[in-house]
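Data block below; observations after.
It should be emphasised that the depicted structure is a prediction, and the values quoted were computed from it without experimental measurement. Side chains included, hydrogens not; waters and symmetry mates left out as well; all remaining heavy atoms used.
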Amino acid sequence: GQFESRSINIPLCRFILRRLVQLRDPQAVDSVLGYLGQANQLVPECVTYLIEVAALIGDLLPSLSRRLMQALTTSPFAQSPYLQTWLLSPIATDRRWGVGHNLVELYSSLTSAPAQRKITLALGRAGSAHWFRERKGDWMELSPWIKRAFLAAASCLPADERKYWYSSVTPRLDPLEKFVVDWARTIPFA
């Protein structure tokens, strides 16, 4: 009802979306997707709902993921790094969301640092070791947030290569970056 309404009651919709997350009810996926572009204030709740029900709609996940990635190029998403970051959150946290997407092309087309950070994490989750291998020499030139994402996601490199690369870069890292590398060594992406 409220999702199809022309006049959107933001607090009520937030309540409904949070309740749907709690119930893990996948029946509202199409309504939530259709609603995603109508109210920018609800994007975090919509994406949180979609992430929560992903396990229940496994066979629909590729289609759902494609629709989220298509939304990245439409207004208002194309103009907002904040909204892009929310739309990219699923592929950055779960490799099943990124399968079938050209993440390298997406990285090149979305130039905001928050979007590139999420895509870097998604590339690591997808096990794109070749992408990290090609960029290992340029990681110091990245902005701090992207650099930390790169250090974490580079843990998708094969074990020996990862071990030696981390050892070679550790002396040049600040304390936070060292913490990221220690974490990535413990829980590698691949």
Side-chain angles (χ1 to χ4, degrees), residues 36-37 40-52 54 61-62 64-158 161-162 165-166 168-190:
L36 198 58
N40 297 348
Q41 307 95 311
L42 296 173
V43 170
E45 287 85 0
C46 289
V47 172
T48 300
Y49 165 75
L50 295 171
I51 290 170
E52 188 62 35
L61 198 54
L64 177 59
S65 184
R66 270 192 304 281
R67 287 174 71 181
L68 279 181
M69 294 306 104
Q70 287 170 346
L72 284 168
T73 59
T74 64
S75 187
F77 302 106
Q79 306 304 318
S80 172
Y82 173 76
L83 296 177
Q84 289 174 351
T85 300
W86 270 104
L87 289 180
L88 291 165
S89 292
I91 68 167
T93 56
D94 185 340
R95 80 179 298 169
R96 295 174 302 153
W97 284 85
V99 173
H101 296 297
N102 187 342
L103 298 172
V104 174
E105 184 178 300
L106 197 57
Y107 183 92
S108 297
S109 67
L110 297 175
T111 57
S112 74
Q116 287 187 336
R117 178 183 176 277
K118 289 287 187 181
I119 297 166
T120 299
L121 294 169
L123 284 159
R125 296 268 181 234
S128 301
H130 63 282
W131 189 83
F132 291 93
R133 195 171 291 121
E134 291 171 3
R135 287 160 183 77
K136 284 192 303 187
D138 302 329
W139 69 275
M140 286 291 291
E141 297 169 17
L142 299 171
S143 68
W145 278 101
I146 299 173
K147 185 189 307 182
R148 291 179 199 120
F150 187 92
L151 289 166
S155 65
C156 74
L157 292 167
E161 184 178 0
R162 175 176 65 234
W165 185 68
Y166 280 154
S168 72
V169 300
T170 298
R172 295 181 273 171
L173 303 178
D174 67 31
L176 181 55
E177 292 165 349
K178 287 179 183 178
F179 178 78
V180 169
V181 167
D182 289 343
W183 174 81
R185 282 179 170 154
T186 307
I187 309 170
F189 278 36

Self-check item: Nearest-0.5 Å distance that lies between atom CG in L106 and atom CD in Q116
Solution: 9.5 Å
Quiz item: Under the side-chain contact (heavy atoms from CB on, under 4.5 Å) criterion, do L173 and F179 qualify, and how do the steps go?
Solution: CA-CA 9 Å; L173 303 178; F179 178 78; over 6 Å; no
Quiz prompt | Distance-minimising heavy-atom pair for K147 and L142 | solution = CE-O, 3.7 Å
Quiz item: Got P90 and L50 here, is their nearest side-chain heavy-atom distance under 4.5 Å?
Solution: no
Quiz item: What is the distance from atom SG of C46 to atom CD1 of I51, rounded to the nearest 0.5 Å?
Solution: 11.5 Å
Self-check item: Where L88 and K118 come nearest, the two heavy atoms and their spacing
Solution: CB-CB, 3.7 Å
Quiz prompt | Side-chain donor or acceptor of E177 paired with backbone N/O of R148 under 3.5 Å | solution = no
Quiz prompt | Closest contact, heavy atoms only, L61 versus R96 | solution = CD2-CB, 3.7 Å
Quiz item: What closest approach, in Å, do W97 and A54 show between heavy atoms, and which atom pair accounts for it?
Solution: CZ2-CB, 3.5 Å
Quiz item: How many angstroms lie between atom OG of S89 and atom CG of D94, to the nearest 0.5 angstrom?
Solution: 12.0 Å
Self-check item: Over all atoms of both residues, closest heavy-atom pair of Y166 and A152
Solution: OH-O, 3.8 Å
Self-check item: Check against ring-ring contact (aromatic ring centres under 6.0 Å, His included), W165 and F132
Solution: CA-CA 11 Å; W165 185 68; F132 291 93; 8.6 Å; no
Quiz item: Are any side-chain N or O atoms of T48 and backbone N or O atoms of P44, one a donor and one an acceptor, separated by less than 3.5 Å?
Solution: yes
Exercise. Apply side-chain contact (heavy atoms from CB on, under 4.5 Å) to the pair I146 and Y107, showing each step before the final yes or no.
Key: CA-CA 11 Å; I146 299 173; Y107 183 92; 4.1 Å; yes
Quiz prompt | Shortest non-hydrogen contact between P158 and A129, atoms and distance | solution = CD-CB, 4.3 Å
Quiz prompt | Sub-4.5 Å side-chain heavy-atom contact between S80 and Q84 | solution = no
Practice problem: First locate atom OG of S168, then atom NZ of K136, and finally report the distance between them rounded to the nearest 0.5 Å. | Solution: 7.5 Å
Quiz item: Has W145 got more than 12 heavy atoms of other residues, nucleotides or ligands less than 6.0 Å from its CH2?
Solution: no
Quiz item: When rounded to the nearest 0.5 angstrom, what distance separates CE in M69 from CD1 in I91?
Solution: 4.5 Å
Quiz prompt | Separation between CD of Q79 and OG of S112, rounded to the nearest 0.5 Å | solution = 11.0 Å
Quiz item: Among T120, I119, L121, which residue meets the side chain to side chain contact (heavy atoms under 4.5 Å, CB included) test with R117?
Solution: L121
Self-check item: From CA spacing to verdict: side-chain contact (heavy atoms from CB on, under 4.5 Å), T74, F77
Solution: CA-CA 6 Å; T74 64; F77 302 106; 3.7 Å; yes
